[in-house]
Every structure is written in C-alpha cells, then in structure tokens.
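The structure appears right after this line, and notes come after that.
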Amino acid sequence: MQVYFDNAATTALDPEVIKVMLDVMDNNFGNPSSIHSHGRQVKTIVEKARKTIANLLHVSPAEIFFTSGGTEADNMAIVRSITDFGITHAITSPIEHHAVLHTLEELEKQGKVHLDLLHVDNKGNLDLNQLEELLSSNPRTFVSIMHANNEIGNLNDIQRISELCQQYNAIFHSDTVQTMGHYPHDLGHLKIDFITGAAHKFHGPKGVGFLYINANNKIKPLIYGGAQERNMRGGTENVYGIAGLAKALELAYEHMEEHQAYIQALKSYMIEELQKAIPDIDFNGVIEPSKSLYTVLNVSFPCSDLADMLLFNLDISGISCSGGSACSSGTDIGSHVLGAIKTNSDRPSVRFSFCKNNTKEEVDFVVSTLKELCTKNK
C-alpha cells in the first residue's frame, strides 16, 4: 500500500484544476503583455484570476500580486517594507518558516533592522504580552507572524495580533501559506498589511502564489525587469499557473466546510488510534481543534532506537511523511521549530499532514506500521 501524508509539503493537483490549466495551454499561448489579440486574450485570463482571488478574500483586485510562490511573496513583503518604509525594528517568532526567519535574520546581519524573537512555550504558543511590550517601546515596527505553523500546526491569533499592530502603528505581515484555502480569510474585516498564498498547498500547481498588499501601503518591486503586475514584478506571468491557482482557491472555498469537517475527523481518529496502539506517545504543538491546523499532526514517539531510521522505515513501508518542514528535507539540520519548543531530541518526531484525499484505511495502515516498528525496536 502506498499512502501520502505529506500534504503540508505539497498537495496533488485537483482534476478540475488540471482541466482548466490544460485548456489554457491548448488554446492561449500569447504573452499577456502583448497588445495584439492573442496577448489580450491571455491578459483577460490573468485578470479574471486576480478578480476571483480578490472576491474570495474580500479585497480589491488591485491589491493582489502574482508571484512564483509563498517564499517570494514573503521576501517581497519583508524586504520592501523594511527598506521602503525606513523601518529599523522587526518582530517575529523562532518558529516561523525559513522564508520569513532567514530573510529577517539576513536583514539584521546587514545592519538594516534590529530583530526581536517572541518567546514560545513548550507547546509552541507565542507570548503576545511580550509582543505588546515590544510594540509599545518600538513605534513603527515590522511584525511577521504566521497564521499556522507548518510543522506543529499551531494556529496563531492573527486577529489579536492585528489589533495590537494597529494600536501601535506597526506593519503586520502574516505568512498564511498553510491556511490559505483551508480557512476563510476575510480581509475586509481583518486589518492586515500583507498576506501570502501558494497554490500547491491547496491542490493547485507549484511555482505560483500571490501577495496581498493593502492599498494603503506603497512599496517598490523586489524583482525589476518589465512592467508586469502593474510595475510591481518584472517577468512574464505564469499564466497556466495563475489560472490553476484561481481555480484551486475557488474550489477550496466552495468545499471548505465539508473538507474541514472530514479532515479534522480523520486527524482526531489518528490521534485516538495512535494513543491506543503505542504507549507513551506524545504530540508536538497544540492538538485542540480550535487552536490547531486541522491538516497537520506532529507526533513524538517513545521508540528512541528508531530515532535515525523511522522516516526511512516508513518510506520503505510505502508511507510518505516528514520529519519537519519539507523545505529542509535532505539536510542533517534538525527542525528549528522542534528545537525552539525544546522537544526531546532522543524521541523521533514525524509530521503527518492530511488532505481531502486521505482515508481511514490509510490511517489504519500507518498506525499498524508504526506499532510494528516501535514494538520491534523495544
């Protein structure tokens, strides 16, 4: 049996998304920057996609800018905000995605900003009292806090963070890559300066994403070249990807409630079955449904003899999952998230991440395989 439980890394393309993309590939090859009919037809596809996304997020199409994915969108928001607004102080957390953390650390190395990291407890909860203290003593700060952690699944209260940033005139950016397409984002009510999305996290294509820039913020491009994206991002648009992104997000919103209920039930079932099958199991991060991303479950196992081989043995058994963020796969560096929350390094940890395509039968197979592996190595 082959099962895939690494949906936080990437998801399979939805058949309806493939259909839309193939139609564009077959019938629309023009350059959207060209003024002739072939170009105008393709430009219409791009702008229709922009309008679809804007309507779902309750913003103006002029506030949506297409990028190559979440990493570029994060970099654009962070680098240009700090540079263009003359910001000298930034706040983030030690468990942010590296697209945020490494970018801010590099800006600090360059002497452009002083960076403060929020405290986190052993379940990955952020200290928002510390955030307010830092904001009160550092006017006009740049704050970057993700909506949900990609490794342990903790949901952050971005409504509360937004209110604090408004109170202290801070710029607020949130990496919403893991929650886009999984939770509604009503940016007409949430006061935020920048959010990011990546299509391949919600059954769209890889290599395309977007950055929402609140109309009150005027920043310069990160990538110079042509006049694409209203002079905000040089380079010919990934038209097939953009069409697929819009269709994937449209489908995600259309079926959001039923998918959330189904996947949350699957995650809860796996928690229960693991607890019954393997004594002394533990979970990294918060697993309470209201505070945890329903697509992610990070499990800490008592079988220390398997610490270096658990993922390998799961892979051999036909189970695809992750030991942390997929962006660090293939390296010898441990998870910075698990390190920050001081997880016991003697216990192997595995991230299982779910989607609408997973089944209870797959969960049963994973649990029985894990039970056998942990029992065998006692």
Side-chain angles (χ1 to χ4, degrees), residues 50-67 70 73-93 96-97 99-100 103-104 113 116 118 125-149 154-198 209-220 230 232 249 252-253 256 290-291 293:
R50 196 188 313 277
K51 186 175 181 180
T52 295
I53 295 165
N55 287 342
L56 292 171
L57 302 181
H58 302 285
V59 299
S60 165
E63 296 175 301
I64 301 296
F65 297 87
F66 294 116
T67 67
D74 285 337
N75 272 259
M76 185 175 179
I78 294 167
V79 174
R80 295 320 315 180
S81 292
I82 288 172
T83 303
D84 298 346
F85 299 150
I87 291 174
T88 57
H89 181 247
I91 302 170
T92 190
S93 83
E96 291 293 309
H97 191 280
V100 168
T103 304
L104 285 167
V113 69
D116 276 312
L118 296 180
N125 297 303
L126 304 183
D127 186 345
L128 296 189
N129 291 326
Q130 181 199 10
L131 173 62
E132 182 166 16
E133 290 172 7
L134 288 168
L135 287 173
S136 65
S137 57
N138 296 277
R140 201 55 174 166
T141 288
F142 180 85
V143 177
S144 184
I145 301 293
M146 66 199 332
H147 187 197
N149 187 271
N154 284 27
L155 283 169
N156 292 315
D157 187 353
I158 57 174
Q159 179 64 49
R160 174 62 179 146
I161 296 168
S162 168
E163 292 167 357
L164 287 172
C165 288
Q166 281 185 276
Q167 182 179 346
Y168 294 101
N169 194 31
I171 297 293
F172 181 30
H173 158 259
S174 184
D175 180 336
T176 53
V177 165
Q178 288 294 336
T179 58
M180 186 61 60
H182 300 288
Y183 293 86
H185 289 81
D186 185 353
L187 303 186
H189 288 90
L190 177 67
K191 303 304 178 185
I192 196 166
D193 296 287
F194 304 93
I195 67 164
T196 56
F210 67 88
L211 173 65
Y212 159 78
I213 305 177
N214 185 285
N216 294 324
N217 297 307
K218 305 298 180 186
I219 61 173
K220 296 177 182 177
R230 302 185 306 286
M232 282 295 290
L249 194 59
Y253 268 77
M256 190 174 288
S290 64
K291 298 179 180 179
L293 178 60

Over all atoms of both residues, closest heavy-atom pair of [X] and [Y]:
X	Y	value
Leu211	Ala77	CD1-CB, 4.0 Å
Met146	Ile158	O-CG2, 4.2 Å
Ala90	Leu104	CB-CD2, 3.9 Å
Gly70	Val177	CA-CG2, 4.0 Å
Ala73	Phe210	CB-O, 3.6 Å

- Beyond-backbone contact of Leu126 with Leu131, side-chain heavy atoms, under 4.5 angstrom: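 In short, these two side chains do not touch, never coming nearer than 4.5 Å.
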
- Message: With a 4.5 Å cut-off on side-chain heavy atoms, are Phe172 and Glu163 touching?
- Response: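 A side-chain contact is absent here, since even the closest heavy-atom pair is not under 4.5 Å.
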
Would you confirm whether [X], through its side chain, and [Y], through its main-chain N or O, come within 3.5 Å as a donor-acceptor pair?
X	Y	value
Gln178	Asn149	no
Asp193	Asn214	no
Asp84	Ile219	no
Thr92	Ser144	yes
Ser137	Leu134	yes
Thr88	Val113	no
Asp127	Gln130	yes
Ser162	Lys191	yes
Ser174	Thr176	no

- Can you check side chain to side chain contact (heavy atoms under 4.5 Å, CB included) on Thr141 and Asp116, steps first, answer last? CA-CA 10 Å; Thr141 288; Asp116 276 312; over 6 Å; no

- Task: Can you label the angle between the His173 ring and the Phe142 ring as parallel, tilted or perpendicular, going by 30° and 60°?
- Result: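 The rings of His173 and Phe142 lie parallel, inter-plane angle below 30°.
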
- Message: Working note: Met180 + Leu249, criterion side chain to side chain contact (heavy atoms under 4.5 Å, CB included); need CA distance, chi angles, decisive distance, verdict.
- Response: CA-CA 8 Å; Met180 186 61 60; Leu249 194 59; 4.0 Å; yes

- Query: Is the cationic atom of Arg50 (NZ for Lys, CZ for Arg) positioned less than 6.0 Å from the six-membered ring centroid of Phe66 and within 45 degrees of its normal?
  - Reply: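 Cation-pi check for Arg50 and Phe66: fails.
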
